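Every number for a ligand or one of its atoms is a count from 1 in the order of the listing. Since the structure is predicted, the reported quantities are computational estimates derived from the model, not experimental observations.
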Amino acid sequence: TPLSHIRNFSIIAHIDHGKSTLADRLIQATGGLSDREMSEQVLDNMDIERERGITIKAQTVRLAYKAKDGETYTLNLMDTPGHVDFAYEVSRSLAACEGALLVVDAAQGVEAQTLANVYQSIEHNHEIVPVINKIDLPAAEPEQVRKEIEDVIGIDASEAVLASAKSGIGIADILEAVVNKIPSPKGDATAPLKAMLVDSWYDPYLGVVILVRVIDGVLKKGQQVTFMQTGTQHLVDRVGCFRPKIEQLADLGPGEIGFITAQIKDVAQARVGDTLTDTKRPAAEPLEGFKEVQPVVFCGLFPVDANDFEKLRESISRLRLNDASFSFEMETSAALGFGFRCGFLGLLHLEIIQERLTREYDLDLITTAPSVVYEIELTHNGGSIELHNPADMPDPNKIATISEPWIEATIYVPDEYLGSILKLCQDRRGIQKNLTYVGGRAQATYELPLNEVVFDFYDRLKSLSKGYASFDYHQVGYREGDLVKMSILVNDEPVDALSMIVHRGTAETRGRGMCERLKELIPRHLFKIPIQAAIGGKVIARETISAMRKDVTAKCYGGDASRKRKLLDKQKKGKLKMREYGSVSIPQEAFIAALRMG
Ligand code: GDP
Ligand code: MG
């Protein structure tokens, strides 16, 4: 396709504003799929994504669109991930495009992630085409939202397309706007090859599939290419695009987006942001902006049944084939036995992996307290260490300073919930940087320790605001803090899976909360069980579970035999998911539930 007839664009939106629905409509309208094939959302592939309504892996689709001017254009539509945990992937997909459709829900208006994404899009010099979606909703206020887009984002929305992705309104106008407003890509077909690696994933049939955007030169089947950041060379054995079904091509020219395979075994070798060049005639410089993604949240994953360790190893290895952004290494714990210390991009990422292991691989897991990475300066010129696991905390005497990662969070919330959100931020050691009002809502900017955000900040934010608050963050570096290791003792035995690094100032509240919740979560035994939180040798909080005879069926379920049976079965099953600590059984749920702060 000549450059003048190519349009590369992505859709940016806050979660649930209708990005995937719109993408599917555009595919349908350009004939990529039959109506029957459209019955399910196409771009959200995995079950978990569909259930949670989020897109994790970016996908791209090539559409052939016959415009009103009679010409046929090649439109490359990139679906970007919608969650802060995957910010780097968003950035790379945006870098592969010249423009973006900005989808805003006509009933909800501009939200935090709308802003975060649109700013990124502006940074990439995108032409932004606003689309006001869901105008079919009774609560839709398209004119107010149009004004909000102008006031809050500062872009012209006078020609915003009014649409309903659900009922198919405005789809033709959107396609015309893509052709007429978004610039065509630039590039030089005769220059040495430069292609950006936008995404990579493992496909059971094709092996590692690499999504690329060609900047200059031509990428051909049979070509030997060098990955400039990793320094490896590979023979390209397939070139193609998704319509959304796979179509093989002879080559990809400048401005084009498509995929290649090159007999690569491991996604870790195909890093997002890398530059592909021709081995025989290489480009002088790689493309700018390559960044290696680093896991920021770590936790231990242990099988409930120790016999499942090998199965866990296999399952984790298989997941890792498709996701180079999470890391794992073996870990042993006195109480939990053999397991893995895993690193994730954020809490959602952690939950997704954990859920997939449980669901797809049928594993019962214990997840230890998530932890951020601390930087510890040792005394006596002992150098510094990165702490991924509270269990490895050095002796306090050997520690000169501990630093923790901080983030800057932007929160967008209707006025009526602002008070409780500000309190939440304050309670989490937040430092207010800014507070402004836009379109009847408050925008608060806070600096917060990541440590205070990883557990349940997002959940709290949502529940305190009845779902209305939205949140986005980026890291702003390490800062020294008065941090200590808090241990939890159950029946005088330390449970290392529950130990965590906390700020001294909030330790007591945290400790008390943990003990109270564990008291609720650990069933009564035949003896009394003390639960304590301690720093060093000093107990800072304590609860006691009183003794009880565990005859649950005797009391309330007198007559009904089937209910009795069910209850016993349930108890038996529950028992399987318990972990023995000395003589105390702790249910699996307790490990995560105990970490949720009140
Ligand atoms: P995404 O998170 O931005 O990808 O949003 P989805 O496309 O998954 O849509 C979120 C929800 O909004 C789904 O339940 C859709 O059916 C619904 N939705 C999307 N577009 C429209 C629309 O134009 N009108 C209405 N009423 N609902 C829509
Ligand atoms: Mg989606």
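Every atom of ligand 1 with a heavy atom of S164 under 4.0 Å away is listed here by number and element: 22 (C), 23 (O), 24 (N). Set against the non-hydrogen atoms of H14, the atoms of ligand 1 under 4.0 Å away are 3 (O). Set against the non-hydrogen atoms of N133, the atoms of ligand 1 under 4.0 Å away are 20 (N), 21 (C), 23 (O). Taking every heavy atom of S20 and a limit of under 4.0 angstrom, the matching atoms of ligand 1 come to 1 (P), 4 (O), 7 (O).
Residue K134 touches ligand 1 through backbone and side chain together, judged by heavy-atom distances below 4.0 Å. Residue contacts with ligand 1 for L137 involve side-chain atoms from C-beta outward but no N, CA, C or O (heavy atoms, distance under 4.0 Å). Looking at T21 against ligand 1, both its backbone and its side chain come within 4.0 Å, counting heavy atoms.
There is no side-chain donor-acceptor pair under 3.5 Å between E71 and Y65.
Applying the side chain to side chain contact (heavy atoms under 4.5 Å, CB included) test between V118 and each of V104, I149, V110, I128 identifies I128 as the sole match.
Remark: aromatic rings of Y412 and F471 are distant, center separation not under 6.0 Å. F242 and F259 have their aromatic ring centers within a separation under 6.0 angstrom.
R341 and G300 make their closest contact through NH1-N, 3.3 Å (heavy atoms, listed as atom of the first residue, atom of the second, distance).
Here the shortest heavy-atom distance to atom 2 (O) of ligand 1, taken over I135, I169, D16, belongs to D16.
Taking any N or O of G18, backbone or side chain, at least one lies under 3.5 Å from an N or O belonging to ligand 1. Any N or O atom pair closer than 3.5 Å counts here, and S167 shares no such pair with ligand 1. Checking only distances, A163 never comes within under 3.5 Å of ligand 1, N or O to N or O.
The residues E159 and K181 are annotated as salt-bridged, a charged nitrogen and a carboxylate oxygen being separated by less than 4.0 angstrom. Under a 4.0 Å N-O distance rule, the pair E447/R429 does not qualify as a salt bridge. Electrostatic pairing of E150 and K147 does not count as a salt bridge here, judged by no charged N lying under 4.0 Å from a carboxylate O.
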